[in-house]
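Convention: sequence-line order gives letters A, B, ...; per-chain numbering from 1. In this text the structure is predicted, and so the values were computed from the model without any measurement.
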Number of protein chains: 2
Amino acid sequence: MNKKTDKASTPQRILDSAEALFAESGYDGVSLRMITKLAGVELALPNYHFGSKLGLFRAVIQRRSVILNNERMEALNALSDRAEIEDLIEAFIGPFLRRSLFGGEGWRDYARVVAQIANSPRWTSEIMSAEFDPVAIEFIRRVRVRFPVAKTEDVYWSFHFLLGAMTMTFAQTGRIDLLSGDTCHGSDLSEIHLRMVPFLSAGFCRLCKGST
Amino acid sequence: MNKKTDKASTPQRILDSAEALFAESGYDGVSLRMITKLAGVELALPNYHFGSKLGLFRAVIQRRSVILNNERMEALNALSDRAEIEDLIEAFIGPFLRRSLFGGEGWRDYARVVAQIANSPRWTSEIMSAEFDPVAIEFIRRVRVRFPVAKTEDVYWSFHFLLGAMTMTFAQTGRIDLLSGDTCHGSDLSEIHLRMVPFLSAGFCRLCKGST
DNA sequence: GTCTATAGCTTGATAGAC
DNA sequence: GTCTATCAAGCTATAGAC
């Protein structure tokens with residue numbers, strides 16, 4: 001039984017348990033029985049509250065992507081049209097980064113689920129585009145304002161590289177800890193923030209400034 | 001039945017079919033029944049040739065990672081100690097990129113499987129580190145020769161961002177095609193090569209040159 | 001090396017009582 | 001909204017004939 005969810009409503013308990021398990025083993029690696037056992041509820045309840053296993057999966061994603069997208073959109077709208085690329089990238093990745101760092105296990109697990117769906121063709125249109133395209137489009141619009149001479153393709157590809165680096169990093173797979181012999185820590189997101197924004201900003205500048 | 005594998009040996013046919021299906025739906029999203037049906041072989045044969053479903057999964061990865069790692073190591077060893085960061089990155093990602101582009105469906109599917117395991121904590125030590133750490137370590141060693149003043153952490157994190165951008169890009173999820181309204185094409189890897197090496201090189205320079 | 005048959009278990013979903 | 005019971009289908013793995 002999940003300590004954090006003992007007093008939460010049934011749908012919340014189900015969402016929390018599903019999120020934790022999906023993060024570790026993916027959509028098909030988890031059964032409704034595993035989820036309901038962890039949540040301490042009956043097997044029939046996920047289907048009652050969410051219609052189906054797929055409905056539950058979508059609900060797990062949507063619950064936090066709504067919050068995240070609001071925060072990102074607000075951060076972008078707080079910037080002037082003359083904002084530097086560093087500010088734009090900070091607005092896009094900052095909310096996700098801070099949630100992963102300070103938001104507890106739930107947000108960390110959510111980031112792991114996002115990394116999985118972002119890297120599989122299976123969920124591309126069904127979930128990724130549906131959930132994240134509006135903010136992505138606004139981010140790209142502002143990058144083009146910042147770099148008016150940039151080719152359209154260069155902006156999209158820069159965003160794509162950002163997306164890959166971001167999703168893998170926030171998923172905290174443990175790879176960099178292992179590879180670096182514990183010199184780097186995937187869970188120390190302040191260690192990350194210091195490096196991800198400059199790294200990606202430099203990439204955008206090189207590609208979008210027009211001066212090759 | 002798979003046209004390409006009609007005349008191949010049974011283990012090869014099984015590997016090819018498993019690769020294609022794992023690429024789309026991941027390890028748990030695919031059953032031995034689906035694999036053997038696509039391969040046109042009996043249900044018992046994967047277990048005979050590979051011991052278990054997990055053994056088959058490992059074999060799918062290893063078959064091509066051995067080839068890939070040899071090519072990458074050779075490309076790195078062909079460089080002098082004074083090679084530019086662009087050359088180092090080209091040596092690391094070039095072989096994977098060219099295989100994905102010219103290697104046919106098998107290599108494309110392999111890249112999709114790699115993206116999934118690279119983005120899940122579940123396979124980090126078991127597969128990712130076991131298969132890819134040696135080349136990663138050699139790449140990082142050479143980056144540190146190129147940037148002697150760089151902090152250890154900056155080099156590892158730069159590599160991590162490279163890894164995220166690379167695996168998602170080569171997985172060809174279709175996201176950038178959809179997002180860009182078919183302006184960019186995830187399958188046009190020459191379009192990618194032109195942008196990924198500069199983007200990542202700029203990131204490495206910003207982080208590892210020591211001049212913030 | 002291949003094929004048939006099957007054991008033993010788990011799966012998602014639901015019908016019906018409360 | 002919850003709980004029990006259950007269904008039909010699917011799952012991995014293997015034993016034994018050829």
Interatomic distance where [atom1] belongs to [X] and [atom2] belongs to [N] [whole Å]:
X	N	atom1	atom2	value
A:Phe50	D:dG1	CZ	C1'	13 Å
A:Leu54	C:dT11	CG	P	18 Å
B:Asn47	D:dT14	CG	P	6 Å
A:Ile14	D:dT2	CD1	P	8 Å
B:His49	C:dG1	NE2	C1'	6 Å
A:Lys37	C:dT11	NZ	P	11 Å
A:Lys53	D:dA9	NZ	P	19 Å
A:Arg33	D:dC7	CZ	P	13 Å

Considering only [options], which nucleotide approaches the side chain of [X] most closely?
X	options	result
B:Glu42	C:dT2, C:dC3, D:dA13	C:dC3
A:Ala44	D:dA13, C:dT14, C:dT11	C:dT14
B:Ser31	C:dT14, C:dT11, D:dC11	D:dC11
B:Leu43	D:dC3, C:dC3, D:dA13	D:dA13

Would you say D:dG1 has OP1 or OP2 under 4.0 Å from some side-chain N or O of A:Thr10?
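No, no such contact exists.
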For the residue pair A:Trp107 and A:Arg99, what are the closest heavy atoms and their distance?
CB-O, 3.4 Å
Using heavy atoms to find the nearest nucleotide of DNA chain C for A:Leu32 and B:Tyr48 separately, return the residue whose nucleotide is more 5′.
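Nearest-nucleotide comparison on DNA chain C picks B:Tyr48.
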So that I can tick it off, tell me whether B:Arg175 and A:Glu131 are bridged by a salt bridge, with the cut-off set at under 4.0 angstrom between side-chain N and carboxylate O.
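No, this pair does not count.
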Do NZ/NE/NH1/NH2 and the carboxylate oxygens of B:Asp87 and B:Arg146 come within less than 4.0 Å?
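Answer for the salt bridge query: no.
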Student check: side-chain heavy atoms of B:Arg72 and B:Leu68 closer than 4.5 Å:
yes
Parallel, tilted or perpendicular: which fits the ring planes of A:Phe22 and A:Phe57, with parallel below 30° and perpendicular above 60°?
perpendicular
Using the ring of each side chain (for Trp, its six-membered ring), is B:Tyr27 parallel, tilted or perpendicular to B:Trp123, with breaks at 30° and 60°?
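Rings of B:Tyr27 and B:Trp123: perpendicular, over 60°.
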Estimate the overall bend of the helix from C:dG1-D:dC18 to C:dC18-D:dG1 from the end axes over five pairs each, rounded to 10 degrees.
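One end axis against the other gives 0°.
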Quick one: does B:Thr173's side chain have a donor or acceptor within less than 3.5 Å of a partner on A:Thr124's backbone?
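No, B:Thr173 side chain to A:Thr124 backbone: no donor-acceptor pair under 3.5 Å.
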Considering the options B:Phe199, B:Phe170, B:Phe161, which one meets the ring-ring contact (aromatic ring centres under 6.0 Å, His included) requirement together with A:Phe161?
B:Phe199
Can you sort out which residues in residues 21-29 of chain A have a heavy atom within less than 4.0 Å of DNA chain D? Ascending by number, please.
none
Between A:Glu71 and A:Arg98, is the salt bridge (charged side-chain N to carboxylate O under 4.0 Å, His left out) condition met? List the steps.
CA-CA 11 Å; A:Glu71 291 183 353; A:Arg98 281 185 291 277; over 6 Å; no
